[in-house]
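Let me begin by presenting the structure, written as structure tokens, before commenting on it.
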Amino acid sequence: MHPATRTAIYRRLRAANPAPTTELEHGSPFELLVAVMLSAHTTDKSVNAATRELFPVANTPAAILGLGVEGLKPYIRSVGLYNTKAKNLIGLCRQLIEQHGGELPADRVSLEALPGVGRKTASIILNMVFGEVEIAVDTHIFRVANRTGLAPGRTPREVETALLVNTPPQFRKDAHHWLLLHGRYVCRARAPACPKCLIRDLCEYRHKTPARAPRLAPRRLQRALLAGRELARKRRQRTSA
């Protein structure tokens, strides 16, 4: 893809959404970390449903640690793999308290050492909390980057590297959110909404979804329309006569 095309794509995405952010509900950096960690292999809607119950009760490492694994589980049952995530979240809180004074570490190595935190989660925290230029690649971004031609790659890491290299500097900070939301609501895995896509003419995807043909009226309605037209024609003939 030509660099000018990439710039045009990001300009349109920015114009449509000048201040993009995550759809995960949170009120602090720690709450964001918890929400992102819980979001693996599940939907933001499920995570938000869980954290609306959890955070009013416990929204600090000490408070969640105090719940214990079994006490935490009822709050996050709406989240996929909640048994494993409950264990990881308790371990994460314990490690934050014991090794980081209850605060989020600001480096990738320490973040990825936390239970349940992988590269994607660490990238989101580094980007949103600490202002670093990181592009976390999830399934949506991986799909959009390959379909559009923005940053083709065989693995999420390859796509991440390509996006960091190819994305114009002025767009790198928010690229993650724009591409994720575009993949979630427009460039979907099944039946991508190409006809309403705002970058359709810039995208290199060869199999764009065509616009749906207008539905044919039912036969009964068609007959009624024809009968109405015929009646109108006869009336015009009588009037002219």
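No hydrogens, no waters, no symmetry mates; every other heavy atom, side chains included, goes into these values.
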Query raised in the report: Short question: side chain of Ser110, backbone of Ala106 - any donor-acceptor pair under 3.5 Å?
Result: no
**Report entry** Reported CG-to-CZ distance for the pair Asn83 and Arg77, which is rounded to 0.5 angstrom
**Finding:** 7.5 Å
Query raised in the report: Do Asn166 and Met1 come within less than 4.5 Å of each other through their side chains, counting heavy atoms only?
Result: no
Requested in this report: To the nearest 0.5 Å, tell me how far Phe142 CZ sits from Arg147 CZ.
Outcome: 12.0 Å
Report task. Please check if atom CD in Glu53 has more than 12 non-hydrogen atoms from other residues, nucleotides or ligands closer than 6.0 Å. Result -> no
Report task. Might you work through the side chain to side chain contact (heavy atoms under 4.5 Å, CB included) test for Cys197 and His182, ending with a clear yes or no? Result -> CA-CA 9 Å; Cys197 176; His182 191 69; 3.5 Å; yes
Report task. Answer yes or no: is there a side-chain heavy-atom contact under 4.5 Å between Trp178 and Thr167? Result -> no
Query - Separation of Glu112 CD from Ile125 CD1 (nearest 0.5 Å) - result: 12.0 Å
Query raised in the report: Is Glu103 atom CD crowded by more than 12 heavy atoms from other residues, nucleotides or ligands, each under 6.0 Å away?
Result: no
Query raised in the report: Is there side-chain contact between Asn17 and His177, with heavy atoms separated by less than 4.5 Å?
Result: no
Requested in this report: Look at the aromatic rings of Phe171 and Tyr10 and report parallel, tilted or perpendicular, splitting at 30° and 60°.
Outcome: parallel
Requested in this report: Indicate, with yes or no, if Ile135 and Ile199 share a hydrophobic cluster defined by side-chain heavy-atom contacts under 4.5 Å among Ile, Leu, Val, Met, Phe, Trp and Tyr.
Outcome: yes
Requested in this report: Could you state whether Val79 and Leu81 fall into the same hydrophobic cluster, counting links through intermediate Ile, Leu, Val, Met, Phe, Trp or Tyr residues with side-chain heavy atoms under 4.5 angstrom apart?
Outcome: no
Query raised in the report: Between Glu23 and Arg184, is a salt bridge (charged side-chain N to carboxylate O under 4.0 Å, His left out) present by the stated rule, with each step listed?
Result: CA-CA 11 Å; Glu23 293 183 317; Arg184 180 175 291 168; 2.5 Å; yes
Query raised in the report: For Ala145 and Thr148, which heavy atoms make the closest approach, and how far apart are they?
Result: O-OG1, 3.7 Å
Report summary line: Between the CG atom in Leu67 and the CG atom in Leu89, the distance rounded to the nearest 0.5 Å is 9.0 Å
Query - Neighbour count >12 (heavy atoms, 6.0 Å) for atom NZ, Lys45 - result: no
Query raised in the report: Can you check whether Thr155 reaches Val137 side chain to side chain, under 4.5 Å on heavy atoms?
Result: no
Report summary line: With Glu134 as partner, the option from His176, Arg108, Lys173, Arg172 fulfilling side chain to side chain donor-acceptor pair (under 3.5 Å) is Arg108
Query - Heavy-atom closest pair, residues Ala162 and Ala151 - result: CB-CB, 3.5 Å
Report task. Please assess Leu179 against Leu163 for the test side chain to side chain contact (heavy atoms under 4.5 Å, CB included), listing each intermediate value before the final yes or no. Result -> CA-CA 11 Å; Leu179 298 179; Leu163 283 171; 4.0 Å; yes
Requested in this report: Establish whether Val133 and Phe130 are linked, either directly or via other cluster members, by ILVMFWY side-chain heavy-atom contacts under 4.5 Å.
Outcome: no
Query raised in the report: What's the shortest heavy-atom distance between Met37 and Asn88, and which atoms?
Result: CE-C, 4.1 Å
Query - From CD1 (Ile124) to CG (Asp138), nearest 0.5 Å - result: 7.5 Å
Query - Hphob cluster co-occupancy, Leu114 + Leu24, side-chain heavy atoms under 4.5 angstrom - result: yes
Requested in this report: Please tell me if the side chains of Leu65 and Leu96 come closer than 4.5 Å, counting only heavy atoms from C-beta onward.
Outcome: no
Query raised in the report: Does any non-hydrogen side-chain atom of Leu92 lie less than 4.5 Å from one of Leu33?
Result: yes
Query raised in the report: Can you tell me if Asn146 uses its side chain to pair, donor with acceptor, with the backbone of Gly153 under 3.5 Å?
Result: yes
Query raised in the report: Is the closest side-chain heavy-atom distance between Ile90 and Ile64 below 4.5 Å?
Result: yes
Query raised in the report: Can you check whether Asp201 reaches Arg12 side chain to side chain, under 4.5 Å on heavy atoms?
Result: yes
Report task. Look at the side-chain heavy atoms of Ile, Leu, Val, Met, Phe, Trp and Tyr, link any pair under 4.5 Å apart, and say whether Leu72 and Val117 land in one connected group. Result -> yes
Query raised in the report: To the nearest 0.5 Å, how far apart are CZ in Arg157 and CD in Glu160?
Result: 5.5 Å
Requested in this report: Evaluate the criterion side chain to side chain contact (heavy atoms under 4.5 Å, CB included) for residue pair Lys85 and Thr42; output intermediate values, then yes/no.
Outcome: CA-CA 11 Å; Lys85 291 176 181 178; Thr42 193; 3.9 Å; yes
Report summary line: Scanning both residues in full, the closest heavy-atom pair of Val57 with Tyr75 reads CG1-OH, 3.6 Å
**Report entry** Thr121 and Leu111: CA distance, side-chain angles, deciding distance, side chain to side chain contact (heavy atoms under 4.5 Å, CB included) verdict
**Finding:** CA-CA 8 Å; Thr121 298; Leu111 283 169; over 6 Å; no
Query raised in the report: Which pair of heavy atoms, one from Val47 and one from Ser39, lies closest together, and at what distance?
Result: CG2-CA, 3.5 Å
Report task. Would you check if the side chain of Lys120 reaches a backbone N or O of Pro156 as a donor-acceptor pair within less than 3.5 Å? Result -> no
Query raised in the report: How close do Cys194 and Thr209 get, heavy atom to heavy atom, and via which atoms?
Result: SG-N, 3.2 Å
